[in-house]
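This report concerns only the one structure given below.
It should be emphasised that the depicted structure is a prediction, and the values quoted were computed from it without experimental measurement. Letters A, B, ... are given to chains in the order of the sequence lines, protein chains preceding strands, and every chain is numbered from 1.
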Amino acid sequence: MTALLSVDAVSKRFRGLQAVDAVTFSIATGELFAVIGPNGAGKTTLFNMIAGEIAPDEGTISFAAARIDGLAPDRICRRGIARTFQLVRPFPALSVEDNVLIGALLRRPAVAEARAHAHDTLRRLELFDKRARRASALTLSDRKRLEVARALATEPRLLLLDEVMAGLRPTETDRMIAILRALNGEGLTILLIEHVMRAVMALATRVLVLHHGAAIAEGTPQAVVRDPAVVHSYLGAEAFG
Amino acid sequence: MSLILSVVVSGVLTGLVYGLMALGLSVIFGIVRVVNFAHGEFAVMAMYAAFMLFRDFGLDPAAAMLPVAAAFFGIGYLLQSALINPFVGRAEHEQFILLVALGMVIVNGLLIIFGPDARPANLSYALDSYEIGPLLIDKARLLAAAAAVAVAAALFAFFRLTALGTAIRACADNLLGAAVVGLNVKRLYALSFGIGLACVGAAGALMVTIADARPALAQAFTLQAFIIVIVGGLGSMSGALVGGVLIGVSEALAGFFFEPSMKSMFSFALLVLVLVLRPQGLMGSRA
Amino acid sequence: MMALWRDMPARGRALAGLLLVVLLAAPLFADRYLLSVLILIFYFAYVGQAWNLMMGLAGQLSLGHALYVGLGAYVAAMLWVYFGVGPWLGVVPAVAVAALAGSAIAWLGFRFSIEGVYFVLLTIAFAEFTRIAFDHIGAAGGAGGFFIPYQAQRLGEWWNLRGGQRLFYYVGLALAIGGVILTAWLEGSRLGYQWRAVREDQQAARSLGIDILAAKMKAALISSAMTAVGGVFYAFYYDSLFPAQVFGIGRSIELILAPIVGGLGTVFGPLVGAFILTQLGELLTAAVEKLGVDAPGAKALVYGLILMLIIFVRPDGVWPWLARACGLTGRKPGRAT
């Protein structure tokens, strides 16, 4: 089984802080892979290195057997990796439809065709009815789904989601879980950074746990949450009495 | 050789006055983060004010500097509170346009009132000069430069040594933090703008001993102030003075070796170089 | 662009059609003065439209656009006077030179992360530098000016832009219409969407696969090229060029007034803005003359006040508000008409 995404001994240091420490893992096509860990564990730095916002100091990242570490974010997107932002960034003055349209234009240069694809994507993310609204006028839940729709419109092979459940109410979380499960069911590979354990347990096929920049556990969600090292990292030594 | 040295010294002295003007911009731009594209227009307004005080009351511009600066402080305070504050958070191009427009109003107002011709302040000592060794130094320039340095020193002292000055610097450094700590940001902004404009007022008043008041100078002053602030380094007050001296000297030399009309070319070329190679300027710190 | 036509409600189409007919027929019934005012409006609408592309669509503020007017003007004028190359041909090198300058500035800005006010100053620096340089280029006439000589025998050579007012009226009208069509087409194109994305949020745009440098360079290229054509028109209409006037920052500012007052980023904004400002300017000049007041800066002062008013009350410009008020906006919100 050749991995779709391969992260090999990747490290990143910021002045005095080792943000990511020799992390290695790989994701196979069709997986729904979650990266969890307490705040400051290095999840976002790892994420940003895969997305191209920063370059690793050491190690390599490969996508579809080609190296991508150090490439600029727009090239990474064109290779087939799309991402969302933790603090959502829709284009505020543009309509919902135009937001997704811009994503769709990546692979479909003809505006009419791109718009049709954008409409399809909006339907799947349950935003079609709101397509004429200004992005800045949406609720948080809608903006999160817009962010996903926009990234999805670029027709990625790997979708990177940065804490997409944060700030959502339980019903909204359920809705997002259902959408992501459906997308993954159609064959989309997803890498998820998450804090909301409910989503991780419901969605992930495999989980990687980071702590202080290093990988401390990897496996199925059920196995990982019972791992003593993981519990220790989240709850501290006192948890063990 | 001594002629070149005299030219350089003249450039240094003029540059100190430019530096004071730029200092005002540094305070406004660095603290309130407003792009004051009307800076030169205010400077020319101050020149006219000093000119009138001289013409009607015989007040020497160096002395006129104080009331003019005080008046400009008030203007700046009001302007910031009433007009500019709503724009602080808005899109950059809107700020620009507002201040460009304000500048248009000011400079054309001056044009209408005073006409386009140059208005010199015919000081009794305008043509006097000191001979220090081989150097020939204009008395007027020397006095203006000394006054400029005095004002700058006072400003430094204010920002470093007083509680209010420290509060203002805190605002510039960390806006949210300043507000959280209970500082009245609006008031401090207004104060800063007032201080900045007071510098401009002082510099303008001093300027009239060196050059004639003309509306056409306004745009040149604005650009020059920006060049100095960027070359010297945004956020660095000493940078503004150093930048001013640098520009003053380079303009003086360019005017001497080439043609006077070409002197600005070097300033603009320097600006591009700094923007490209060292955007934090000579004395600024990397953001 | 067809989308723009489709989106326009019937009212808008009727109005546009009527306006077009009126403008086409104007030289038949309007007097010289009115036609000269209209030519000014066309000129400012056109160059404002060109600037609008870079600012309104791609979000790059340039206060040195007079550089491109000047380069276009001087190159075409000098080619005509020294080599007899007519403007319809001369426009090509004129555009090339301006586009080169524009791309260079855009590249510098991108490569060295010169943004915001620093980028604005960069554009000003280039324009000012060029202005002073041209003051000293003897072949271009220096500060004394460069003149296209009046040659009575050449009148009627429309291909050399030698002719009466009517010729320049129709060329100006064609430019203005062409500007609108080009902007509308670009706005609805893939590039136009990419520009808007870059304007709104560069980082997000990048994450969607948009090449920021390419987008910005294209904006600069098209904008500067378009402006240069306006410069060629300017040179042959006025027949005299002075560096201080042509390259000056006052010119750059004058150029941006129309699109800002009319509506940044909109297709018809620059036209509306040019119309309002030129009319107002003429009214003011007439009023000042009537009052017998010698007020050399009155027009500019009022322009300044208007600009302040607009930026306070209607920062999006007059046109979007006017269009809504008259029921002229398209069916799609989120798209600027």
Checklist entry - Can you say whether B:F266 sits under 4.5 Å from chain C via the side chain, the backbone, both, or neither, judging by heavy atoms? => result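 For B:F266, there is no contact with chain C at all, as no heavy atom is under 4.5 Å.
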Checklist entry - Heavy-atom distance under 4.5 Å to chain C: side chain of B:P215, backbone, both or neither? => result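 Contact with chain C: none, neither part.
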Relative to chain B, which segment of [X] carries a heavy atom at a distance below 4.5 Å: side chain, backbone, both, or neither?
X	result
C:A143	neither
C:L108	side chain
C:I310	neither
C:L122	both

Item to check | Inter-chain contacts: residues 42-52 of chain B against chain C, heavy atoms under 4.5 Å | outcome: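 Those residues of residues 42-52 of chain B which would need a heavy atom under 4.5 Å from chain C do not exist here.
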Next on the checklist: Under the criterion side-chain contact (heavy atoms from CB on, under 4.5 Å), I'd like the reasoning laid out for B:L83 against C:M308: C-alpha separation, chi angles, the key distance, then a yes or no.
Outcome noted: CA-CA 10 Å; B:L83 202 69; C:M308 282 175 74; 3.6 Å; yes
Checklist entry - For the atom pair OH (C:Y118) and CD1 (B:I230), what is the distance rounded to the nearest 0.5 Å? => result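 These two atoms lie 6.0 Å from each other.
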Item to check | Rounded distance [0.5 Å steps], CE in B:M265 versus OG1 in C:T130 | outcome: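 Taking CE in B:M265 and OG1 in C:T130, the distance rounds to 8.0 Å.
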Checklist entry - Of all of C:L121, C:I311, C:L307, which one pairs up most often with chain B through heavy atoms under 4.5 Å apart? => result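 Option with the top pair count is C:I311.
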Measure the shortest side-chain to side-chain distance between [X] and [Y] over non-hydrogen atoms and say whether it is less than 4.5 angstrom.
X	Y	answer
B:I97	C:I256	yes
B:M104	C:I253	yes
C:L63	B:F37	yes

Of all the heavy-atom pairs spanning [X] and [Y], show the shortest one and how long it is.
X	Y	value
B:A101	C:G304	CB-O, 3.4 Å
C:V120	B:F96	CG2-CZ, 3.5 Å
B:Q219	C:G250	OE1-N, 4.2 Å
C:A125	B:F268	CA-CD2, 3.6 Å
C:F312	B:L98	CE1-CD1, 4.1 Å

Next on the checklist: Under the criterion side-chain contact (heavy atoms from CB on, under 4.5 Å), I'd like the reasoning laid out for B:N108 against C:Y303: C-alpha separation, chi angles, the key distance, then a yes or no.
Outcome noted: CA-CA 10 Å; B:N108 283 289; C:Y303 274 3; over 6 Å; no
Next on the checklist: Taking every non-hydrogen pair under 4.5 Å, which of B:I106, B:L110, B:V105 racks up the most with chain C?
Outcome noted: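 Answer, by heavy-atom pair count under 4.5 Å with chain C: B:V105.
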Checklist entry - When heavy-atom pairs shorter than 4.5 Å are enumerated against chain C, which of B:I227, B:L271, B:V100, B:V272 gives the highest number? => result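 Among the listed options, the one with the most contacts to chain C is B:V272.
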Item to check | Crowding at CZ, B:R55 (>12 non-hydrogen neighbours, <6.0 Å) | outcome: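 Correct, the count exceeds 12.
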